[in-house]
Student: 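The structure is given below, and queries will be raised subsequently.
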Amino acid sequence: MHLAFDLIGELEQALAKAAAAAGLEPGSFEPGVRTSDPRHGDFQANGVLAAAKRAGKPPRPMAEAVVAHLQGDLREGFEVSVAGPGFINFSARPAMLLAWLKAFRSRDDLAAGASAAHKGETWVVDYSSPNAAKQMHVGHLRSAVIGEAVSRLLAFTGARVVRDNHLGDWGTQYGKLIWAYKRMIDEGALERDPIAEFERLYKAGNTAAEADPAVMDEARAELVKLQGGDPENLALWERINRASLSAFQGIYDRLGIRFDETLGESFYNDKVGRVYAELSEAGISSQSDGAQVVFHPEHPRFKTQPMIVRKSDGAANYATTDLATILYRTEHFRADCILYVVDKRQGDHFEQLFLTARKWYAKTGRSVPRLVHVDFGTVLGENGKPLKTRTGDNIRLRDLLDEATERAYLLVTQKSPDFPEEERRRISEIVGVGSVQYADLTQNRASDYLFSWEKMISLEGNTAAYLLYALARIRSIFRRQGLECGDPAAEAGAGVPETPAEVAIARKLVKFADTLRLSTETLCPHFLCLYLYELAGEFSTFYNADKVIVEDPAVRARRLMLCARTLLILETGLGLLGLRTLERM
RNA sequence: GUCCCCGUAGCUCAGCUGGAUAGAGCAUCUGAUUUCUAAUCAGAUGGUCGCGUGUUCGAGUCACGCCGGGGACGCCA
């Protein structure tokens, strides 16, 4: 029997063939296979209902006809039945489950199976993208964490992924910052914490400029000098950006983020001219109040709300650089798709940007890549308002990760006081940071979410610690046997799953492929989180119900195999989310 | 004012783009440890899916209208 990684894809093909054989009109039938409530089986096909509706025929006989034409080898793998108004239910037979578990036994096996989805495609993922000279704070968490998970999912499913940190390293704030830098820099403070010092300088410059128009003029002059390529200001600007980036790197290292490119806004300074010219030539833009703008007459809002692509003073803004960036990403990276992992409040901007880009590309005969705003909600405090410190400041990301790690440390120390200090520190970093990442990812990204230390680190329910704990327990089983995890000898001769808990966990494992598909297609990592949590839950049930290390070699082998595969998928899945895992905790 | 998003158990949230009797966790209650990590497991209680009308074999999901909450709206990003 041929064995597919994605069983749903296999079932859909088989159903399409059977439908044709049963005389259903070709092309009119979408199998509509999805995982189902375990009470009904493993997978269900709903497509017959829709097809029957369109054909004006009763669905049940139609479903029976399709089932009758299913090929024999599929029936070797699945028990098939028709239920209710015309659902087709599939239950994987134990032999089928065993075959899948034997076929996909390593990360490479899984990757090989999954990589068909986006093979040959190039995806640019634009995420994190903080402003230089400013601290990263909670507001920067989601883009970084979600962007990283999405990038990993895409890479795992076969895409060439270009991770691009579109730094905010250009703009009017540099005038005030440079003005203040030249007058009140504290070199010692700069040494200790460069970004804090830049922030202090910016605030000082801003205050001075607001108080005194003369200062404002001087700050503007600094900006003009910078933009004109003045060597001194350019050197300062470079120093600011270099220091910012190295501070950001500290956060990225903890979150497991590594960019392929860091092409900030400044990179596009010399590339905006083409944008002005082409938009104007193509007749897409117009002049309004001295600015170059784009209206979209067909749109209820953007017919009157313009996108400003060139300010009345002739300068570019972020709409301009975003357009220039699209051009660069299509010409230089040959992007098939560009993702923007950005706060949902910028939805209007991206809608305008995409509309404009599509018209622009259509007029100039280019083929436009898929453009997607991967939006996400706000992190809220217990009061339901955006999360802040008690004094109303933004919470620095570094402080947030530190506190998570500290809370995890207290817990590890309480639960495992006999572990060496150094190991407890290592564990708490992985648990603490992982808890922050996981709490963010497990929520549907589109909605705001309530930040709660208690929920995050309480380690009960759908949390990183619960998953890491399940994983550590599996590793412990192998360790106590003196076995390497996944040692082929340990599972030699493993037979089909037998007990209810064994069967349940095997059925869950084979659905990993579908979860990957769902999570990647929707760019929603929370589907993967939910799956991993349910898998860990099945494992915990199994762990309590069935002892793994038993005398009977056949029973032991098959249970070790289930442990090894659960470990593999938990580890692969958590890795795709950007989390690190532990030997013990 | 215009447009967008949200409203599901006491609380925090899922609900795979229209499928079967709406699911988890927390909280509350009951039980499980001579057994591979109890940071665990088994069970119970808990619902007018904001309200209404409609579309159809079928609606938490789609359409329209209300009510309530959040957000975005010309030279910031």
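A note on names: the letters A, B, ... follow the listed sequences, proteins ahead of strands, and every chain is numbered from 1.
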Student: Give me the distance, rounded to whole Å, that separates B:G23 from B:G46 when you measure between the P atoms they each carry.
Tutor: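 To the nearest whole Å, 14 Å.
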Student: Could you tell me whether A:Asp375 contacts a base, only the sugar-phosphate backbone, or nothing, with contacts defined as non-hydrogen atoms closer than 4.0 Å?
Tutor: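 If one applies the 4.0 Å heavy-atom cut-off, A:Asp375 turns out to touch nothing in the nucleic acid.
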Student: Remember a base hit wins even if backbone is also touched, and classify A:Asp546 as base, sugar-phosphate or nothing at under 4.0 Å, heavy atoms.
Tutor: base
Student: Assign A:Gln346 to base, sugar-phosphate, or nothing according to its heavy-atom contacts below 4.0 angstrom with the strands shown.
Tutor: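 Answer is base: heavy atoms of A:Gln346 come under 4.0 Å of a base.
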Student: Would you measure the distance from the C1' atom in B:G52 across to the matching atom in B:U45 and give it in whole Å?
Tutor: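 Straight-line distance between the two C1' atoms is 32 Å.
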Student: State which residues pass side-chain contact (heavy atoms from CB on, under 4.5 Å) with A:His526; sequence neighbours excluded, sorted by chain then number.
Tutor: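 Listed in chain order: A:Asn444, A:Cys524.
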Student: Show your reasoning for whether salt bridge (charged side-chain N to carboxylate O under 4.0 Å, His left out) applies to A:Arg580 and A:Glu571.
Tutor: CA-CA 8 Å; A:Arg580 288 168 291 169; A:Glu571 191 166 33; over 6 Å; no
Student: Starting at the 5' end of RNA chain B, write a dot or bracket for each base, bracketing those in Watson-Crick or G-U wobble pairs whose two distances are under 3.5 Å and using | for partners on another strand.
Tutor: (((((((..((((.....[...)))).(((((.......))))).....(((((..]....))))))))))))....
Student: Using the ring of A:Phe419 (Phe, Tyr or Trp, six-membered ring only), decide whether A:Arg584 places NZ or CZ under 6.0 Å from its centre and within 45 degrees of its axis.
Tutor: yes
Student: Applying a 4.0 Å non-hydrogen cut-off, can you work out what A:Arg34 is touching in the nucleic acid: base, sugar-phosphate, or nothing?
Tutor: base
Student: When all nucleic acid strands are considered with a 4.0 Å heavy-atom cut-off, which category describes A:Ser312: base, sugar-phosphate, or nothing?
Tutor: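 Counting heavy atoms under 4.0 Å across all strands, the contact made by A:Ser312 includes a base.
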Student: Picking from A:Asp343, A:Asp440, A:Asp375, A:Asp448, what satisfies salt bridge (charged side-chain N to carboxylate O under 4.0 Å, His left out) with A:Arg142?
Tutor: A:Asp440
Student: If the C1' atom of B:C3 is compared with that of B:C11, how far apart are they to the nearest Å?
Tutor: 32 Å
Student: Starting from the 5' end of RNA chain B, give me the residue, A:Ile549 or A:Ser288, whose nearest nucleotide shows up first.
Tutor: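 It is A:Ile549, whose closest nucleotide lies nearer the 5' terminus.
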Student: Hey, does A:Leu450 reach any base, or is it just sugar-phosphate, or nothing, if we go heavy atoms under 4.0 Å?
Tutor: sugar-phosphate
Student: Got a sec, which residues hit side-chain hydrogen bond (donor to acceptor under 3.5 Å, both in side chains) with A:Thr157, two or more places apart in sequence or on another chain?
Tutor: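 A:Thr157: side-chain hydrogen bond (donor to acceptor under 3.5 Å, both in side chains) contacts with A:His118.
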Student: Is the glycosidic torsion of B:G46 within 90° of 0, making it syn, or is it anti?
Tutor: anti
Student: Under 4.0 Å between any heavy atoms, over every strand shown, what does A:Leu530 touch: base, sugar-phosphate, or nothing? Just pick one.
Tutor: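 If one applies the 4.0 Å heavy-atom cut-off, A:Leu530 turns out to touch the sugar-phosphate alone, with no base involved.
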Student: Between B:C41 and B:U35, how far is it from one C1' atom to the other, in whole Å?
Tutor: 14 Å
Student: For the pair A:Glu429 and A:Arg425, find out whether any cationic side-chain nitrogen is under 4.0 Å from an anionic carboxylate oxygen.
Tutor: no
Student: With rounding to the closest Å, how many angstrom separate the C1' atoms on B:A14 and B:G47?
Tutor: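 Taking atom C1' in both B:A14 and B:G47, they lie 15 Å apart.
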Student: Identify whether the distance between the nearest side-chain nitrogen and carboxylate oxygen of A:Arg558 and A:Glu491 falls below 4.0 Å.
Tutor: no
Student: Taking the C1' atom in each of B:A38 and B:A32, what is the distance between them to the nearest angstrom?
Tutor: 10 Å
Student: On RNA chain B, does the nearest nucleotide to A:Asp448 precede the nearest nucleotide to A:Arg479 from the 5' side, or the other way round? Give the residue.
Tutor: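 Here A:Asp448 is the residue nearer the 5' end.
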Student: Take A:His166 and A:Asp322, measure what side chain to side chain contact (heavy atoms under 4.5 Å, CB included) needs, and give me the verdict at the end.
Tutor: CA-CA 10 Å; A:His166 192 70; A:Asp322 278 357; 3.8 Å; yes
Student: Check RNA chain B against residues 316-323 of chain A and give the residues with a non-hydrogen atom under 4.0 Å, in numerical order.
Tutor: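 Only A:Asn317, A:Tyr318 qualify.
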Student: Once you apply a heavy-atom cut-off of 4.0 Å, does A:Thr35 come out as touching a base, just sugar-phosphate, or nothing?
Tutor: base
Student: Which part of the nucleic acid does A:Arg310 contact within heavy-atom distance under 4.0 Å: base, sugar-phosphate only, or nothing?
Tutor: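 Contact class for A:Arg310: none.
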Student: When you compare B:G18 with B:A59, how far apart are their P atoms, in angstrom units rounded to a whole number?
Tutor: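 The answer is 13 Å between these two P atoms.
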Student: Quick test of your reading of the model: are A:Lys134 and A:Glu199 salt-bridged, counting only N-O distances below 4.0 Å?
Tutor: no
Student: Given A:Val67, which of A:Leu15, A:Asn89, A:Ile88 fulfils the side-chain contact (heavy atoms from CB on, under 4.5 Å) condition?
Tutor: A:Ile88
Student: Provide the full list of ring-ring contact (aromatic ring centres under 6.0 Å, His included) pairs with a residue in residues 288-319 of chain A, sequence neighbours left out, each pair given once.
Tutor: A:His299-A:Phe302, A:Tyr318-A:His349
Student: Take atom CD in A:Gln287; do more than 12 heavy atoms of anything else shown fall under 6.0 Å from it?
Tutor: yes
Student: Measuring only the C1' atom in each nucleotide, how far is B:C62 from B:G68? A whole number of Å is fine.
Tutor: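 The answer is 22 Å between these two C1' atoms.
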Student: Should A:Glu502 and A:Arg559 count as an ion pair when the cut-off is N to O under 4.0 Å?
Tutor: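 So A:Glu502 pairs with A:Arg559 through a salt bridge.
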Student: Regarding A:Ser540, tell me which of base, sugar-phosphate or nothing describes its non-hydrogen contacts under 4.0 Å with the strands shown.
Tutor: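 The answer is sugar-phosphate, as A:Ser540 gets under 4.0 Å only of primed atoms, P, OP1 or OP2.
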Student: Students often get this wrong, so: under 4.0 angstrom with heavy atoms, is A:Arg301 touching a base, only sugar-phosphate, or nothing?
Tutor: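 Answer is base: heavy atoms of A:Arg301 come under 4.0 Å of a base.
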Student: Applying a 4.0 Å non-hydrogen cut-off, can you work out what A:Tyr543 is touching in the nucleic acid: base, sugar-phosphate, or nothing?
Tutor: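 The answer is base, as A:Tyr543 lies within the cut-off (heavy atoms under 4.0 Å) of a base atom.
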Student: Is the base of B:U34 syn or anti, where syn means the angle lies within 90° of 0?
Tutor: anti
Student: Cation-pi check, A:Lys511 to A:Phe43: give yes when NZ or CZ is under 6.0 Å from the six-membered ring centre and within 45° of the ring axis, no otherwise.
Tutor: yes
Student: Check every strand shown and say whether A:His526 touches a base, only sugar-phosphate, or nothing at a heavy-atom separation below 4.0 Å.
Tutor: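 Counting heavy atoms under 4.0 Å across all strands, the contact made by A:His526 is with sugar-phosphate only.
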Student: Which is true for A:Phe87 with a 4.0 Å heavy-atom rule: it touches a base, it touches only sugar-phosphate, or it touches nothing?
Tutor: base
Student: Earliest and latest nucleotide of RNA chain B, 5' to 3', sitting under 4.0 Å from a non-hydrogen atom of chain A?
Tutor: B:U2 to B:A77
